[in-house]
Amino acid sequence: MSNGGDPPPAKRAAHVDLNDSEIASGIMKGNINISSGEAMDATDIAADRRDMMVAEFERRRKARLVSVPTDDAEVKARFRMMGEPICLFGEGPVHRRDRLKELLAERGETFTSAAEKQAEEETKAKVEAQTDIWYHEGPAELPAVRRFIANYSLPRANQRLKAARIQQAKPDPEKYAKTQELHKNLRSLVSMASQIGDERPLSYCCFSPDSKILATCSWSGLSKLWSVPSCEEIRVLRGHSTRVGAMAFHPQATLSLSPSCANMASCDADGVVQLWNLESDTPIQSVGDHDQRVARVAYHPSGRFLASTCFDQSWRLWDLEKNAEVLYQEGHTAPVYSVSFQCDGSLVATGGMDACARVWDLRTGRCVMLCDGHLKSVLATDFSPNGYTLATGSEDNAVGVWDLRKKECVTSLPAHTNLVSGVVYEPQDGGYLVTSSYDNFIKVWSTTTKAPLKTLGGHTGRVMAVDISPDGKYIASVSYDRTFKLWAPE
C-alpha cells in the first residue's frame with residue numbers, strides 16, 4: 001500500500017526521466033529561467049520608500065513654516081536674488097509663492113525682505129565697527145605731547161601708590177572708625193541752600209578748586225558764578241547763543257593761576273568751546289572748530305590740555321598753550337557724551353551713546369579697556385582718587401563700577417528709576433559716590449559696602465548734574481526746575 005504523500009507512479013517516472021540535456025535545451029530556448037544566486041530583499045525596497053516619504057513630509061513641513069510675503073514684487077525680487085526664474089509659463093502669484101516656499105525649504109533658508117536685510121547688514125556693520133578702533137595719524141606735536149603726559153603722570157602715580165601703602169598699613173580699627181564717622185555725616189545731609197539759577201533749565205554745575213565758587217550752566221546760553229555757601233551771584237558769563245552743556249575749572253584756578261588767565265572752559269550745542277577768565281563776563285578765547293554738538297569738556301590734571309566730546313562720534317584733546325588740536329580720536333560708534341581724566345593724568349575715560357565706555361592711555365594712544373556692560377547710553381563717567389576704579393552712569397538707570405586692574409565690572413548698582421545724569425566720587429579719598437538722576441533724586445553711596453547711605457530729595461524736576469566740592473564739605477545739584485541746591489551735613 002503506497003503512502004498518500006507520494007506522487008503517482010506515472011508522474012514520478014516523468015520526473016526521474018528528465019535529464020540534463022533537456023534542461024539545457026529549455027534554458028537555451030528561454031523557456032526555463034535559472035537564477036544566478038542574486039536576490040532582491042523586499043525589506044530594502046520598503047525602507048527606501050519609507051525614507052522617501054519621510055523626506056517628502058519633512059520638505060512639506062518646512063515649506064509650511066516658511067513665511068513668504070503676499071507682495072508679488074518682493075517674491076520676484078527674492079527669486080532674482082537667488083538666481084531662479086522669476087516667472088514660469090502660466091504661473092500666477094499664488095503658485096509663485098508656493099514655488100518660493102518649496103525652494104526656500106529645500107535650501108534651508110528663510111525669507112528676508114530688503115528692509116530686513118538692510119537692517120541686518122547695518123547691525124552687523126555696527127558690531128564689526130564696535131570691535132575696531134580707528135587710529136588716525138596725529139600731528140607732528142603728538143609724540144612730544146605723549147612724552148609730556150608720561151613724564152607728568154609717572155611721579156604722580158608714585159605718590160598715589162605711596163599714599164595707598166600708608167593707608168593700607170593703618171590699623172583696621174582706625175580705618176573702620178573713620179569710615180563710620182564718614183557714613184554718619186553723610187546720613188545727616190540736608191539742603192542748606194536753594195537758589196533759582198536762571199529763567200530756563202540748568203544743565204551743569206561744578207565747584208572751583210578752592211571750593212568757594214560754584215559755576216552753573218543754563219539752556220538760555222548763560223553761565224553764572226555763585227559764591228559758596230552764601231549762593232550770591234558773582235558774575236554772569238555771556239558768550240554762548242544756545243544751550244550750554246558743561247563747564248570746567250582749570251585745576252589751578254582760584255589757587256595759583258592768575259585771574260586774568262583762562263580759568264574756565266565751557267561748551268554748547270552748536271559745537272562752540274569758550275575759555276573764560278575770572279575778571280570778565282565775555283570769553284577770552286575760542287577753542288577749535290567742532291561741526292556738531294559738544295556735550296562735555298574736561299581739563300587734564302596738568303591744566304595744559306582740554307578734552308572735548310563731540311556728537312560726530314569723536315573726542316578731541318587740545319593743547320591750550322598752542323591752541324591746537326593734538327588728538328582726534330574715534331572709536332565709539334555713536335555720539336560721545338562724557339569724559340573724565342584719571343588723577344595721574346595718564347588715562348582718560350569716555351562714555352558714548354553706543355552703550356559703551358572706553359578707557360584710553362594718553363601715553364600710547366591705545367584703548368586699554370572697553371566697558372560694555374550697559375544697555376543704553378553712557379552719560380557720565382568719573383575716576384576714583386584711587387586711580388583704578390571707574391564709575392559710569394547710564395540711560396539704563398544703572399551705575400557700573402569698573403576695576404581697571406581686573407578689566408571688568410565689579411559692581412552694577414540699580415541706582416535709580418530713570419536715567420543717571422551724573423556720577424561723582426568724593427575727590428579726596430573716594431570714600432563715597434554721589435549719583436544724580438532724572439527721577440528727581442540724588443543718592444549717596446558707600447564705596448566700601450556699595451550700599452546707599454542717603455537719598456536727597458527736594459528738586460521738583462529731573463536732576464541734570466551733581467558735583468562735590470574739593471574740600472568735601474558740600475554737594476551741589478542743578479535741576480530742570482531751574483534751581484540749584486547746596487547739600488551739607490546738619
Side-chain angles (χ1 to χ4, degrees), residues 183 186-192 194 197 200-206 216-219 243 245-246 295-296 334-338 340 349 351-357 371-382 384 389-402 409-426 430-468 474-489:
H183 289 181
L186 294 174
R187 290 190 179 97
S188 65
L189 284 170
V190 294
S191 175
M192 61 165 291
S194 181
R200 296 206 63 196
L202 302 183
S203 57
Y204 198 78
C205 66
C206 62
T216 61
C217 306
S218 170
W219 282 10
R243 293 177 297 173
R296 293 288 185 266
V336 186
Y337 197 89
S338 62
S340 60
M353 292 186 172
D354 54 0
C356 293
C371 309
D372 60 351
H374 287 291
L375 302 178
K376 294 183 179 180
S377 303
V378 177
L379 305 176
T381 56
D382 193 41
S384 170
T389 304
L390 174 69
T392 57
S394 172
E395 193 180 354
D396 62 8
N397 311 344
V399 172
V401 180
W402 309 80
C409 180
V410 293
T411 305
S412 181
L413 303 174
H416 293 274
T417 58
N418 207 328
L419 67 83
V420 180
S421 57
V423 291
V424 183
Y425 274 104
E426 191 274 321
Y432 60 92
L433 176 71
V434 177
T435 63
S436 61
S437 171
Y438 275 21
D439 62 6
N440 303 357
F441 291 103
I442 302 107
K443 290 189 178 182
V444 183
W445 305 80
S446 169
T447 55
T448 54
T449 63
K450 306 300 186 296
L453 299 174
K454 184 73 173 181
T455 299
L456 306 176
H459 287 290
T460 58
R462 51 199 182 195
V463 182
M464 308 293 283
V466 68
D467 196 22
I468 305 174
Y474 307 104
I475 296 174
S477 59
V478 293
S479 172
Y480 191 82
D481 62 12
R482 302 178 293 116
T483 67
F484 70 90
K485 297 182 184 294
L486 288 183
W487 311 82

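The figures here come from the full heavy-atom set of this structure, side chains too, leaving out hydrogens, waters and symmetry mates.
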Could I get the full list of side-chain contact (heavy atoms from CB on, under 4.5 Å) partners for N440, not counting sequence neighbours?
R462
Contact summary for D396 and L375, nearest pair of heavy atoms
OD2-N, 3.0 Å
side-chain contact (heavy atoms from CB on, under 4.5 Å) filter on V410, not counting sequence neighbours, yields V401, D403, K406, E408
From OG (S338) to CG (L379), nearest 0.5 Å
7.0 Å
List the steps and the verdict of side-chain contact (heavy atoms from CB on, under 4.5 Å) for W487 and I442.
CA-CA 10 Å; W487 311 82; I442 302 107; 4.0 Å; yes
Whether S437 side chain and L419 backbone form a donor-acceptor pair below 3.5 Å
yes
Main-chain N/O of G431 paired with T447 side-chain donor or acceptor, under 3.5 Å
yes
Is a donor from one side chain sitting under 3.5 angstrom from an acceptor on the other, for T389 and W402?
no
Between S477 (side chain) and V466 (backbone), is there a donor-acceptor pair under 3.5 Å?
no
How long is the span from the CG atom in L189 to the OH atom in Y432, to the nearest 0.5 Å?
7.0 Å
For residues Y204 and G245, report the shortest heavy-atom separation together with the two atoms involved.
CB-O, 3.5 Å
Can you tell me how far apart OG1 (T411) and CH2 (W445) are? Round to the nearest 0.5 Å.
11.0 Å
If you draw a 6.0 Å radius around NZ in K376, do more than 12 non-hydrogen atoms from other residues or ligands fall strictly inside?
no
To the nearest 0.5 Å, tell me how far M192 CE sits from L486 CG.
6.0 Å
Would you say L202 and M464 make side-chain contact, with heavy atoms under 4.5 Å?
no
Go through the steps for L186 and E426 under the test side-chain contact (heavy atoms from CB on, under 4.5 Å), then give the verdict.
CA-CA 12 Å; L186 294 174; E426 191 274 321; over 6 Å; no
With sequence neighbours excluded, residues passing side-chain contact (heavy atoms from CB on, under 4.5 Å) with T417:
D439
Pick from S218, S203, S421, C205: which one makes a side chain to side chain contact (heavy atoms under 4.5 Å, CB included) with V478?
C205
Could you walk me through whether T392 and H374 pass the side-chain contact (heavy atoms from CB on, under 4.5 Å) test, one step at a time?
CA-CA 9 Å; T392 57; H374 287 291; 2.7 Å; yes
For A349 and L390, which heavy atoms make the closest approach, and how far apart are they?
CB-CD1, 3.8 Å
Just to verify, which of S191, S479, S436 counts as forming a side chain to side chain contact (heavy atoms under 4.5 Å, CB included) with H459?
S479
In short, C217 meets A246 closest at the heavy-atom pair SG-C, 3.8 Å
For the ring pair W219 and Y480, is the centre-to-centre distance below 6.0 Å?
yes
Do side-chain atoms of D382 reach the backbone of Y425 as a donor and acceptor pair under 3.5 angstrom?
yes
Criterion side-chain contact (heavy atoms from CB on, under 4.5 Å) on V399 and L433, from CA distance to verdict
CA-CA 10 Å; V399 172; L433 176 71; 4.2 Å; yes
Counting only N and O atoms by type, is there a donor-acceptor contact under 3.5 Å from the side chain of K443 to the main-chain atoms of P452?
no
Looking only at heavy atoms, the pair that brings G430 and S384 closest together is CA-OG, 4.2 Å
